[in-house]
Amino acid sequence: MLFAKQSADLPGIYLEFVSANPTGPLHVGHGRSAVIGKALERILKKSHYPVTSAYYVNDAGTQIDTLTCSVILRMIPDAIFHSTCYQGDYIKDIANIGPGIDPTSARNIAKDSMNWSSLEPEEGQKRLIADIQKHMGPEQYQALKTLSIHEILKSITADLAQLNVSYDEWFFESTLLKGGQVNQALEQLQHNNHLYTKDGATWFKSSELGDTKDRVIVRSNGQNTYFLNDIAYHQYKYKNYDQAINLIGSDHHGYGPRLEAAKNALGHQNKKLTMKYIQFAILWQNGEKLSMSTRQGQYTTLKELYDEVGTGPTLFFYALKKPDQHLDFDMDLAKKQSSDNPYYYVQYAHARISQLLNKANWQITEDLSKLTQSTERQIMNQLLYFNTALARAARDLEPHQICFYLMDLSKFLHQYYNDTPILKDPNQELINARLTLLKATANTLSEGLKLLGIKALENM
RNA sequence: GCGCCUGUAGCUCAACUGGACAGAGCAACGGCCUUCUAAGCCGUGGGUUGCAGGUUCGAUUCCUGCCAGGCGUGCCA
């Protein structure tokens, strides 16, 4: 192989991450997947892989009906708010922008709401959705559903944008149902003899393909499981890409084998499915662990986090540890503007260089033969190592390797800066050579930070 | 019970897929600003890599068995 690989030779990668249900604002758990996922997209793209990033919007399941009904109940002051509905204030906000509900429907719903709370929570939940849909009528209901999803996605997009996270594609689960891809996948599984019926439900024989047990894909009540729709989604991925990478919370690790089984059952043995599990981030503030309960809206939102510690530190801290390692996110440290904080350590290195470059009278030179100090060699070696570090981060899907690379490079820079008064030297040629090296260092720091979504600072 | 992940210095973490005396930061202690930003640098102390075996010239890394923690083990998503 004489030449470096071109993009066209490399496998097209479909990278899905976050894909949180659009039922509420993103919380701090989603933040880590968002930051790592986007960093991976940039790392892979910089490594010349054709990458498509995607957010899968689950807009078809019962949780969306729960969302819609939560909003509707908040629009009717007389109705009793059900315990299984989403409690957060954001529901009220959506209800306030809504067009309102016609008086007859509202009265009926308010009347029924007494019955729901007398039932078992789950049963009440089911009845609630059915009754509300009946009273509202399909058009009015659908309008509010669309509005609710739209508003939630707006807030999710805004949160992600704060962390410089954007997507090539937003893929809606509902399009798979409308477009017939779900039925198509179902038929193909049937045709390939991977299905059977038991207890009125349709089962996928995933245990024959490496999973620990068979899985229901159509429930006895006729509803698809999340899994079936996801199979159809992955069918789409395999048809258009060579490799699918899913970033997924490690609490869902049991999901991988059945997706792999489905891939093979549909004849996509030649495609690669990579599950990258992201461990939880645990927030610490004032030396105490923050509660992560997702019930009753008692969790820390992503917005609260980046408002508190700032975008740059948030990005750096989320990416700092190996993805499959638990992350202790120390908010006090992230806010601290001192040497303990690795984010500022790296930024300070870049800022120091920027100031020198601005202050000096110099020009770029190709002659670096005068740079013979060990500190200068150390920096040069580290600069040459960048491509390797990048390749490793891409290979292992581990952005934290970029963080460690940047911290190492920053350390060499600070050492150099401390023991060599660069601008004081009488030899202009030497100054030119040294500042050329520092310019390259600043560029590399800036590039590395950019991979993490962080803008390098000129001064501090 | 079974499955996946984790266990490295007092704390938080690395360790280039099996290679040299296992490295950083913080915390502790001691130095460096009349000199380009001290948000920095230098030095000292700190380890039986959870435990016990095995494979290997060589193991934090691979295998087996324990111990501890986390997460799973739905006709939830």
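By convention in this document, chain letters (A, B, ...) are assigned in the order of the sequence lines, proteins followed by strands, and residues within each chain are numbered from 1.
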| task | Indicate, yes or no, whether a donor-acceptor pair under 3.5 Å links the base of B/G3 to the side chain of A/H253. | result | yes
| Anti/syn call for B/C5, syn if |chi| within 90° | anti
| query | Between A/K322 and B/C5, is there a side-chain N or O to OP1/OP2 distance below 4.0 Å? | reply | no
| task | May I ask you to check whether A/Q401 and A/D396 show a side-chain donor-acceptor distance below 3.5 Å? | result | yes
| task | Check whether the side chain of A/H400 and the base of B/A14 form a donor-acceptor pair under 3.5 Å. | result | no
| field | Pairing nucleotide - B/A28, Watson-Crick or G-U, each distance under 3.5 Å | value | B/U44
| query | Counting only distance, no hydrogens or angles, is the base of B/C75 paired donor-acceptor with the side chain of A/T225 under 3.5 Å? | reply | no
| said: Strictly below 4.0 Å: does A/Q325 bring a side-chain N or O up to OP1 or OP2 of B/A14? | reply: yes
| said: Just N and O in the side chain of A/Y417: are any of them under 4.0 Å from OP1 or OP2 of B/C33? | reply: no
| field | Nucleotide opposite B/A68 in a Watson-Crick or G-U pair, distances under 3.5 Å | value | B/U6
| Do A/K126 and A/E122 meet the salt-bridge criterion of a basic N to acidic O distance under 4.0 Å? | no
| message | For a quick check of understanding: with a heavy-atom distance under 4.0 Å over all strands, which category does A/Q355 fall into, base, sugar-phosphate or nothing? | response | base
Listed pairs, N/O of protein and of nucleotides 42-46 of chain B, under 3.5 Å:
{"residue": "B/C42", "atom": "OP1", "partner": "A/Q415", "partner atom": "NE2", "Å": "2.5"}

